[in-house]
Visitor: 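Got a structure for you, written out below as structure tokens; questions coming shortly.
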Amino acid sequence: MSTISLRVSEEELKLFQDFAKLNQTSLSELIRRTMLSKLEDEYDLQVFSAYEAAKARGKVKSYSHEETWAELGL
């Protein structure tokens, strides 16, 4: 595994350590999970924005339940 160094103030370090302890996890795991969650949220927002832009341009077609069942032959 690789190592990343992060400079924080003593106050921030204490806050991070307390939060990790509260969640019964290591500081490393807390930071890793938080970063991955943030990246996932940003990706989801980009996908949603692209969908909304395509929808605004009339490039998105939606189907009712009835249309979907008929298309599937059900």
Side-chain angles (χ1 to χ4, degrees):
M1 269 197 196
S2 297
T3 301
I4 298 174
S5 294
L6 179 65
R7 295 188 188 279
V8 296
S9 68
E10 289 298 320
E11 184 177 304
E12 290 169 330
L13 177 59
K14 176 80 168 105
L15 179 65
F16 297 161
Q17 289 172 329
D18 289 348
F19 193 73
K21 186 175 182 179
L22 180 69
N23 287 280
Q24 299 176 339
T25 190
S26 68
L27 184 54
S28 181
E29 182 66 14
L30 171 71
I31 292 170
R32 190 178 66 74
R33 275 198 233 154
T34 302
M35 283 301 303
L36 289 172
S37 178
K38 176 67 173 167
L39 291 172
E40 183 179 355
D41 290 347
E42 289 293 325
Y43 176 77
D44 290 346
L45 184 57
Q46 287 179 6
V47 169
F48 180 73
S49 294
Y51 165 79
E52 287 294 310
K55 184 177 170 184
R57 291 190 312 270
K59 300 289 183 180
V60 174
K61 172 90 170 108
S62 60
Y63 300 89
S64 69
H65 284 106
E66 292 79 16
E67 292 170 317
T68 302
W69 292 125
E71 180 74 23
L72 296 172
L74 301 173

Visitor: Salt bridge between E11 and K14, side-chain N to carboxylate O under 4.0 Å?
Guide: no
Visitor: Check whether E42 reaches the backbone of L39 with its side chain - one donor and one acceptor, N or O, closer than 3.5 Å.
Guide: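 Looks like no, no N/O pair under 3.5 Å.
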Visitor: Is there a continuous path of hydrophobic side-chain contacts, each under 4.5 Å between heavy atoms, that joins M35 to I4?
Guide: no
Visitor: Any side-chain to backbone donor/acceptor pair from T68 onto S64? Under 3.5 Å, distance only.
Guide: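 Yes; judged by distance alone, with no hydrogens or angles, the pair exists.
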Visitor: Any idea which heavy atoms bring R33 and T25 closest together, and the distance?
Guide: NH2-OG1, 3.5 Å
Visitor: For K38, I'd like to know if atom NZ has over 12 heavy atoms of other residues, nucleotides or ligands within 6.0 Å.
Guide: no
Visitor: Dump the intermediate steps for side chain to side chain contact (heavy atoms under 4.5 Å, CB included) on F19 and N23, then the final yes or no.
Guide: CA-CA 6 Å; F19 193 73; N23 287 280; 3.3 Å; yes
Visitor: Atom CD of E12 and atom CD of E10: how far apart are they, to the nearest 0.5 Å?
Guide: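 If I round to the nearest 0.5 Å, the distance is 10.0 Å.
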Visitor: Verify the cluster assignment for Y43 and Y51: are they in a single hydrophobic cluster under the rule of side-chain heavy atoms below 4.5 Å apart?
Guide: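 No, no single cluster joins them.
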Visitor: Hey, does the side chain of E29 reach the backbone of S26 with a donor-acceptor pair shorter than 3.5 angstrom?
Guide: no
Visitor: Decide whether L13 and I31 are clustered together by the hydrophobic rule: side chain heavy atoms of Ile, Leu, Val, Met, Phe, Trp, Tyr closer than 4.5 Å, transitively.
Guide: yes
Visitor: Within a strict 4.5 Å, meaning less than it, do heavy atoms of the Q17 and L30 side chains meet?
Guide: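 The answer is no, as the side chains (C-beta and beyond) never meet within the 4.5 Å cut-off.
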